[in-house]
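Just below is one structure, and these are the notes that go with it.
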Amino acid sequence: MLIFIGLLGMVAIALLDTLFPALPMADLGWQGWFTLAITLVAFLLNAMTPLPVEMVFLGALALLFMTGILETDQALSGFSNSGMVTVGVLYIVVSGLQQTGALAWISQHVLGLPKREFVALVRLMFPVMGLSAFLNNTPVVAMFIPVVNDWCRKLQVSPSKYMIPLSYAAIFGGVCTLVGTSTNLVVNGLLVANTDYPPMRMFDIAGIGLPCAIAGIIFVFAFSRLLLPMRKPVISAGVDPRQYTVEMVVAPNSSLVGQSIEAAGLRHLPGLYLVEIVRGNQVLAAVSPKEVLRGYDQLVFVGAVDSIVDLHRMRGLQPATDQVFKLDSPRSERCLIEAVVSNTCPLIRKTIREGQFRTRYDAVVLAVARNGERMPGKIGDIRLQQGDVLLLEAHANFMERQRGSRDFYLTSGVPDSEPPRHEKAPIALVALLIMVLFAAFGWLSMLKAATLAAMIIVVAGCCSPVRAMRSIEWSVLLVIGAALGISQALEVTGASEAIASSFIGVAGGNPWITLAVIYGITTLMTEVITNNAAAALMFPISLSISQSLGVNFMPFVICIMIAASASFSTPIGYQTNLMVYGPGGYKFTDFARIGIPLNLLFGIITVLLAPRIYPF
């Protein structure tokens, strides 16, 4: 592997030397060339091999550390970076919102269940763009990722069709205001600290950012069907042979009372069919979508386990059996478990009630699947047979207790099936509001605000500590930390500055061409290193060039802000791209296919408009 990397590095050096003969070779040194070669190899491995992206970047960082290019503190600096830690903390905040059912409310009332892809993009991108204009992009995307995942399952479409638009919509909104991204604030801080220009106001960037955002939205609407891949398979309602029969009851004081079946969101759940409603002594067999729900209505569903989990997470519905309220453990500590009845189970040919299932196993049978057949009658009256698949509600340690038991062939937990803590939803929403307000008004840093919200959520019981830790996407954090370490190497070796200087030499003395080159270099640096690092690197170079040309510096400031924020072509250029990389099941090249045209579009609009709004 090392020989392969070395050979590729030599090829990369030869190519760069040929393409950029003006590159200051003597000043760069072997460390700079080696760093460029390793960075190029990391990109190639991500684009052309199925290796996990975190392993590729960690390997690249390890080589830079082992060769002495990075000192220990520099190599590890990315893993203590506040941005990386903020992303990790935000996963906990989002987990609390998910566990209390707040995200399900967003999915139902904001996104809905549109039937056309265009309408779905409109309902997703415009709210995200509006939120991101005034909130930090990272928490907005972190909040919507599980919502979009669940939404795609209900729409029966691949998440890869909507995860990139989610990230891009956040970026579109971020370039419209001064507080939209941390990059804008970083550049404004540099402007105040290093020049006599007054600080920028909230909407000073909107004259350029808003046209870019509108053009970006139109581009995604027009070309998403062609350019976005289908990486994860569409979930089909007919692929799961386990068709459970489950009974739910409408709580008498719930918000579902008085709503129709369709308005309550019970009609379009994928892989789930409402068979009948039992209302007292009356049985409604052919249920109309306009049928109005009443308290104590007993709803009988047949369908796949994922949709049954959705039912159990829905506020206002509760299991028809009262046995769930007789278990010893609190509901917040339980989960759903599937268990296959073995031929040695002592309950075979007995009804669930006769076998005293709850007393024997400290678990409650919620549904039974038997060869795709509908199981009529009440759950307690079903006689168990060998091979029956039982959907249980039990404490999470049920599987550990039954590991050596011969009563079940197999037991497995259903992911994300913990009963929601609806009563804690107001606390989770207040924690989110506190985080947003404290960060937006600058009362706390984004990291401190997110940490405060996470502490409120965990301490108040909105999310268990175990679930909070399990919700963190550690692979994403590893990629962010390693990518920041690589960007550190590009900076300390002078490689990024050398490339920037070489490109700028091509522009000559024309301010328009120079502005275009500055935008292009900032975009390139943003895709390779981080957005804030690219902006900090290009600011002093641009200031020096504007002074030597004797022109207004503000067009360059705007170009740096837009170029450093508008990262579309790689997943590592911007944190939100990294966050959707795994959930969307993307390959490294998927971002380039749709992102490169967007980068060019934003560049053209910015370079044309910036000098007209802020003349040279």
Practice task
Tell me, with the steps shown, if Thr351 and Asp381 meet side chain to side chain donor-acceptor pair (under 3.5 Å).
Solution key: CA-CA 5 Å; Thr351 67; Asp381 296 331; 5.7 Å; no
Handout entry: Residue pair Ile145, Met163: steps toward the side chain to side chain contact (heavy atoms under 4.5 Å, CB included) verdict
Key = CA-CA 7 Å; Ile145 283 176; Met163 284 297 177; 4.2 Å; yes
Exercise for the section: Show your working on side chain to side chain contact (heavy atoms under 4.5 Å, CB included) between Ile261 and Ile277 and close with a plain yes or no. Expected result: CA-CA 11 Å; Ile261 295 294; Ile277 297 178; 4.1 Å; yes
Practice task
Could you check Leu429 against Leu433 for side chain to side chain contact (heavy atoms under 4.5 Å, CB included), going step by step and ending with a plain yes or no?
Solution key: CA-CA 6 Å; Leu429 290 172; Leu433 183 62; over 6 Å; no
Exercise for the section: Please assess Val141 against Val580 for the test side chain to side chain contact (heavy atoms under 4.5 Å, CB included), listing each intermediate value before the final yes or no. Expected result: CA-CA 8 Å; Val141 173; Val580 302; 4.0 Å; yes
Exercise for the section: Verify ring pair (Phe, Tyr, Trp, His ring centres under 6.0 Å) between Phe591 and Tyr586, making sure each step is shown before the conclusion. Expected result: CA-CA 8 Å; Phe591 285 84; Tyr586 295 115; 5.5 Å; yes
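Crowding of Arg349 atom CZ: a count of heavy atoms from other residues, nucleotides or ligands under 6.0 Å not exceeding 12.
Put simply, the side chain of Glu393 reaches to within 4.5 Å of the side chain of Leu336, judged on heavy atoms. Within the 4.5 Å cutoff, side-chain heavy atoms of Val364 are placed close to those of Arg358. No side-chain heavy atom of Leu299 sits less than 4.5 Å from a side-chain heavy atom of Glu276. Between Asp297 and Val249 there is no side-chain heavy-atom pair separated by less than 4.5 Å. Side-chain contact between Val278 and Tyr296 is absent, with no heavy atoms from C-beta onward closer than 4.5 Å. In this structure, the side chains of Leu293 and Val257 stay at 4.5 Å or more apart for every pair of heavy atoms. When side chains are defined from C-beta on, Leu432 does not count as touching Ile457, because their heavy atoms never get closer than 4.5 Å. Looking only at side-chain heavy atoms (C-beta outward), Phe221 and Met125 come within less than 4.5 Å of each other.
In this structure, Asn577 contributes its side chain and Thr570 its backbone to a donor-acceptor pair below 3.5 Å. Of the possible polar contacts, one joining the Ser342 side chain to the Asp407 backbone as a donor-acceptor pair under 3.5 Å is found. Distance alone, capped at 3.5 Å, places no donor-acceptor pair between the Ser95 side chain and the Ile92 backbone.
With sequence neighbours excluded, the residues that form a salt bridge (Lys or Arg N to Asp or Glu O under 4.0 Å) with Arg593 are Asp590. Listed by chain and residue number, Arg370 satisfy the salt bridge (Lys or Arg N to Asp or Glu O under 4.0 Å) test with Asp388 (two or more places apart in sequence, or in another chain). Evaluation of the salt bridge (Lys or Arg N to Asp or Glu O under 4.0 Å) rule for Arg383 yields Glu354 as partners, not counting sequence neighbours. In terms of the ring pair (Phe, Tyr, Trp, His ring centres under 6.0 Å) criterion, residue partners of Phe357 (sequence neighbours excluded) are, by chain and number, Tyr361. Arg225 pairs by the salt bridge (Lys or Arg N to Asp or Glu O under 4.0 Å) definition with Glu117, not counting sequence neighbours.
Between Tyr409 and the choices Val389, Val341, Thr344, Asn343, the side chain to side chain contact (heavy atoms under 4.5 Å, CB included) rule is met once, by Asn343. With Ile594 as the partner, the side chain to side chain contact (heavy atoms under 4.5 Å, CB included) test is satisfied by one option alone out of Phe568, Tyr168, Phe223: Tyr168.
In terms of heavy-atom proximity, Pro289 sits nearest to Ser260 at O-CB, 3.6 Å. Nearest heavy atoms, Ala450 versus Val93: O-CG2, 3.8 Å. Looking at every heavy atom in both residues, Cys463 comes nearest to Gly96 through CB-CA, 3.8 Å. Scanning all heavy atoms of the two residues, the minimum distance from Ala428 to Cys462 falls at N-SG, 3.9 Å. When every heavy atom of Pro465 is checked against every heavy atom of Val458, the shortest pair comes out as CG-CG1, 4.1 Å. Considering all non-hydrogen atoms of both residues, Ile456 and Ala431 come closest at CG2-CB, 3.9 Å.
Summarising the geometry, atom CG belonging to Leu578 is positioned 9.0 Å from atom OG belonging to Ser167; distances are rounded to the nearest 0.5 Å. Atom CG of Asp362 is separated from atom NE2 of His395 by 9.0 Å, given to the nearest 0.5 angstrom. Residue Glu338 holds its CD atom at 11.0 Å from CE of Met399, rounded to the nearest 0.5 Å. Of the inter-residue distances, the one linking Leu366 atom CG with Leu390 atom CG reads 10.0 Å to the nearest 0.5 angstrom. Rounding to the nearest 0.5 Å gives a distance of 11.5 Å between OG of Ser160 and NZ of Lys587. How far CE of Met129 is from CG of Leu166: 13.5 Å, rounded to the nearest 0.5 Å.
Side chains of Thr359 and Gln356: no donor on one and acceptor on the other come within 3.5 Å.
Note on residues 282-291: pairs passing side-chain hydrogen bond (donor to acceptor under 3.5 Å, both in side chains), not counting sequence neighbours, are Arg279-Glu291.
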